[in-house]
J.: 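First the structure, which I've put down as structure tokens, then a few questions once you've had a look.
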Amino acid sequence: MRLDHVSYAAGPDGLAATAERIGKLLGREFTDGGIHPRFGTRNMTLGLAGDTYIEVVEVLDHPASDKAPFGQAVRARSALGGGWLGWVVAVGDLSRIERRLGREAVKGSRHRPDGTELVWKQLGVNGLIADPQLPFFVHWDSPRELHPGAGADEAFSLASLEIAGDPHRVSEWLGEPIEEPLEDVKVEWVAPHGTPGLLAVQVQTPDGLVRI
């Protein structure tokens, strides 16, 4: 179990403009990740060190976005003006988590502009919707070299997450200590004043820390 990526819902200016704004802060450009046909969303990604990445995601005017929990989550966050949607943990085997949570993982896929298909399974988005401090889980079926963080510039890395919430609640959700998936990333826990969730991310760049 490890931190896989953090997800940012596009604001009213749309996917490309949101990704461009964040990219300028970091001194890097995002790449087009393609459409998630099962979820009614599309994304742009920026690879970081340690096989992690930042995703900026936008909901599409598509029936799938009304049915799929991920599409619903993105739509709701964008309707509030956009911002951090959540954080995602990669696991080698989802079956244990399926049994513990009593629900089945769903398949996800997208085609990059060059035609390369990425496939994975994910679980726990309904938990994120109900309690935004909670991560959801992903298992990549595509080979590691196709992961959005593969081959990233090691000078750019996730340094810390600021989460409004309760680490004990998150550990209970993960089924193991919160430190396990976040051993390389510092977490600052903030008592929630309102809705819990991912508040900010700090990225280490060659020019210093950047808080988004």
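In this chain, residues are counted from 1 in sequence order.
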J.: Could you tell me whether the side chain of Leu198 reaches within less than 4.5 Å of the side chain of Val201, counting heavy atoms only?
T.: yes
J.: Might you point out which heavy atoms bring Pro148 and Trp140 nearest each other, and give the distance in Å?
T.: CD-CH2, 3.8 Å
J.: If you round to the nearest 0.5 Å, how far is CD of Glu172 from CZ of Arg169?
T.: 5.5 Å
J.: Checking Lys121 against Asp141 for the side chain to side chain contact (heavy atoms under 4.5 Å, CB included) test, could you report, in this order, the C-alpha distance in whole Å, the side-chain angles of both residues, the deciding distance, and whether it holds?
T.: CA-CA 7 Å; Lys121 298 182 184 71; Asp141 293 317; 3.1 Å; yes
J.: For Gly127 and Leu134, which heavy atoms make the closest approach, and how far apart are they?
T.: O-CD1, 3.9 Å
J.: For the pair Ser7 and Glu55, evaluate side-chain hydrogen bond (donor to acceptor under 3.5 Å, both in side chains) and give the outcome as yes or no after the intermediate values.
T.: CA-CA 5 Å; Ser7 184; Glu55 165 192 63; 2.6 Å; yes
J.: With a 4.5 Å heavy-atom cut-off, do Asn43 and Arg110 have their side chains touching?
T.: yes
J.: Would a single hydrophobic cluster contain both Leu25 and Val6, if residues Ile, Leu, Val, Met, Phe, Trp and Tyr are joined by side-chain heavy-atom contacts under 4.5 Å?
T.: yes
J.: Give the minimum heavy-atom separation between Ser109 and Glu117, together with the two atoms involved.
T.: CB-OE2, 3.9 Å
J.: Would you call Arg112-Asp32 a salt bridge at under 4.0 Å N-O?
T.: no
J.: Checking the side chain of Thr41 only, and the main-chain atoms of Gly71 only, is there a donor and an acceptor separated by less than 3.5 Å?
T.: no
J.: State whether a side-chain donor-acceptor pair under 3.5 Å links Trp173 with Asp131.
T.: no
J.: When rounded to the nearest 0.5 angstrom, what distance separates CD1 in Ile54 from CE in Met44?
T.: 12.5 Å
J.: How long is the gap from CG on Leu209 to OG on Ser160, to the nearest 0.5 Å?
T.: 7.0 Å
J.: So, Glu58 side chain and Leu15 main chain: donor-acceptor pair closer than 3.5 Å or not?
T.: yes
J.: Can you confirm whether or not the ring centre of His139 sits under 6.0 Å from the ring centre of Trp120?
T.: no
J.: Is the closest side-chain heavy-atom distance between Phe39 and Val59 below 4.5 Å?
T.: no
J.: Checking Thr116 against Asp114: is there a side-chain donor and acceptor pair closer than 3.5 Å?
T.: yes
J.: Are Val74 and Val138 co-members of a hydrophobic cluster defined by side-chain heavy atoms under 4.5 Å apart?
T.: yes
J.: With the side chain counted from C-beta on, respond yes when Asp13 and Thr18 share a heavy-atom pair under 4.5 Å apart, and no when they do not.
T.: yes
J.: Hey, could you give me the CZ/CD1 distance between Phe136 and Ile97, rounded to the nearest 0.5 Å?
T.: 12.5 Å
J.: Does the pair Glu29/Lys24 count as a salt bridge with the N-to-O cut at 4.0 Å?
T.: no
J.: Using only atom types and a distance under 3.5 Å, with no angle test, would you say the side chain of Arg77 pairs donor to acceptor with the backbone of Gly82?
T.: yes
J.: Evaluate side chain to side chain contact (heavy atoms under 4.5 Å, CB included) for Trp87 paired with Leu3, printing each intermediate quantity in order.
T.: CA-CA 8 Å; Trp87 53 295; Leu3 180 64; 3.8 Å; yes
J.: Considering all heavy atoms of both residues, which atom of Ala73 and which atom of Val125 are nearest to each other, and what is their separation?
T.: CB-CG1, 4.4 Å
J.: Can you measure from OG (Ser171) to CD (Glu176) and round to the nearest 0.5 angstrom?
T.: 8.5 Å
J.: Using every non-hydrogen atom in the two residues, find where Leu128 and Gly86 come nearest and quote the distance to one decimal.
T.: CD1-CA, 4.3 Å
J.: Going from CD on Glu98 to CZ on Phe137, what distance comes out if it is rounded to the nearest 0.5 angstrom?
T.: 11.0 Å
J.: Indicate the atoms forming the closest heavy-atom contact of Ile212 with Trp84, along with that distance.
T.: O-NE1, 2.9 Å
J.: Is any side-chain heavy atom of Arg28 closer than 4.5 Å to a side-chain heavy atom of Phe156?
T.: yes
J.: Aromatic rings Phe70 and His36: how do their planes relate, parallel, tilted or perpendicular, breaks at 30° and 60°?
T.: perpendicular
J.: Report the C-alpha separation of Val185 and Leu161 in whole Å, then their side-chain angles, then the decisive distance to 0.1 Å, and conclude whether the side chain to side chain contact (heavy atoms under 4.5 Å, CB included) test is met.
T.: CA-CA 7 Å; Val185 180; Leu161 308 180; 4.0 Å; yes
J.: Asp207 and Thr205: side-chain hydrogen bond (donor to acceptor under 3.5 Å, both in side chains), yes or no, with the steps?
T.: CA-CA 5 Å; Asp207 296 322; Thr205 77; 5.0 Å; no
J.: Would a single hydrophobic cluster contain both Val170 and Leu199, if residues Ile, Leu, Val, Met, Phe, Trp and Tyr are joined by side-chain heavy-atom contacts under 4.5 Å?
T.: no
J.: So do the side chains of Ile163 and Val187 get within less than 4.5 Å of each other, counting heavy atoms only?
T.: yes
J.: Evaluate the side chain to side chain contact (heavy atoms under 4.5 Å, CB included) criterion for residues Val203 and Leu158: first the C-alpha distance (whole Å), next the side-chain angles of each, then the deciding distance (0.1 Å), finally the verdict.
T.: CA-CA 5 Å; Val203 178; Leu158 279 175; 4.3 Å; yes
J.: Less than 4.5 Å apart, any side-chain heavy atom of Glu162 and any of Gln202?
T.: yes
J.: Consider only side-chain N and O atoms of Gln204 and Ser157, and report whether a donor and an acceptor are under 3.5 Å apart.
T.: no
J.: If we ignore angles and hydrogens, is there a donor and acceptor under 3.5 Å between the side chains of Thr52 and His5?
T.: no
J.: Within a 6.0 Å radius of atom CD on Glu104, are there more than 12 heavy atoms belonging to other residues, nucleotides or ligands?
T.: no
J.: Is there a path of hydrophobic side-chain contacts, each under 4.5 Å between heavy atoms of I/L/V/M/F/W/Y residues, joining Tyr8 to Phe30?
T.: yes
J.: With a 4.5 Å cut-off on side-chain heavy atoms, are Val89 and Met1 touching?
T.: yes
J.: Applying the 4.5 Å side-chain criterion to the ILVMFWY set and letting contacts propagate, would Leu101 and Ile129 be lumped into a single cluster?
T.: no
